[in-house]
Amino acid sequence: MKFSESLKKNSDFKYVYQNGKSFANRFLVMYVLENNDEKNRLGISASKKVGNSVVRHRFTRLVRESYRLHENIFNSGLDIVVVARKNAALANYKEIESALLHLAKIHHILI
């Protein structure tokens, strides 16, 4: 992710949850909030309801990879938090990628 950073602090996640706009589909919930930076910050969250640590880490890798491959078409200056739903545990890469791009279109954050 050459144009983006990770969202790591719990306070940053909470701020995006409270002040950001959210949309959801079958696999993901996406919160988006503008920041005062020229880089995007991506945060990924998967609770224990999604699955064990192996399943949650796989989901995280799939989202990070699909974002990395398409980050050049995302607008800059955004805090993006992607939250897994239970169905995401069974999803393959193409489904996660499609869900991520679908939510980005709904948020109007694609170039």
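FYI, the numbering just counts along the sequence from 1.
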Same apolar cluster (I L V M F W Y, side chains within < 4.5 Å links), [X]/[Y]:
| X | Y | value |
| --- | --- | --- |
| V29 | V32 | no |
| I96 | L90 | no |
| I111 | L69 | no |
| Y93 | L103 | yes |

Could you give the distance from [atom1] ([X]) to [atom2] ([Y]), rounded to the nearest 0.5 Å?
| X | Y | atom1 | atom2 | value |
| --- | --- | --- | --- | --- |
| S22 | I106 | OG | CD1 | 11.0 Å |
| N35 | Y15 | CG | OH | 10.5 Å |
| H107 | L78 | NE2 | CG | 10.0 Å |
| L28 | F23 | CG | CZ | 14.5 Å |
| K21 | M30 | NZ | CE | 13.5 Å |
| N19 | K14 | CG | NZ | 13.0 Å |

**Q.** Distance-minimising heavy-atom pair for A91 and L62
**A.**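 Minimum heavy-atom separation between A91 and L62: O-CD1, 4.2 Å.
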- Do you know the tightest heavy-atom contact between A88 and F27?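 The answer is CB-O, 3.6 Å.
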Problem - More than 12 heavy atoms of other groups within 6.0 Å of E34 CD - result: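 No, CD of E34 has 12 or fewer neighbouring heavy atoms, counting only those of other groups under 6.0 Å.
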Review point. Any side-chain donor paired with an acceptor under 3.5 Å for E71 and S4?
Key: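 A donor-acceptor contact under 3.5 Å links the two side chains.
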If we count only N and O atoms by modelled type, under 3.5 Å, do the side chains of D79 and Y31 hold a donor and an acceptor together?
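There is no such pair (donor and acceptor under 3.5 Å, judged by atom type) between the side chains of D79 and Y31.
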Kindly indicate whether the side chain of [X], heavy atoms from C-beta on, has any atom under 4.5 Å from the side chain of [Y].
| X | Y | result |
| --- | --- | --- |
| V16 | L7 | yes |
| L101 | I73 | yes |
| V54 | R58 | no |
| V83 | Y17 | yes |
| V82 | I80 | yes |

Could you tell me whether a side-chain N or O of [X] sits under 3.5 Å from a main-chain N or O of [Y], the two making a donor and an acceptor?
| X | Y | result |
| --- | --- | --- |
| S98 | K94 | no |
| R85 | N25 | yes |
| D37 | G77 | no |

Point to revise | Check against side chain to side chain contact (heavy atoms under 4.5 Å, CB included), E97 and E65 | key: CA-CA 9 Å; E97 179 184 39; E65 179 66 8; over 6 Å; no
- Task: Any chance you could lay out the side chain to side chain contact (heavy atoms under 4.5 Å, CB included) test for D12 and K8, step after step, and finish with the verdict?
- Result: CA-CA 7 Å; D12 291 341; K8 293 182 177 152; over 6 Å; no
task = Show your working on side chain to side chain contact (heavy atoms under 4.5 Å, CB included) between E5 and N40 and close with a plain yes or no.
result = CA-CA 6 Å; E5 297 174 354; N40 286 347; over 6 Å; no
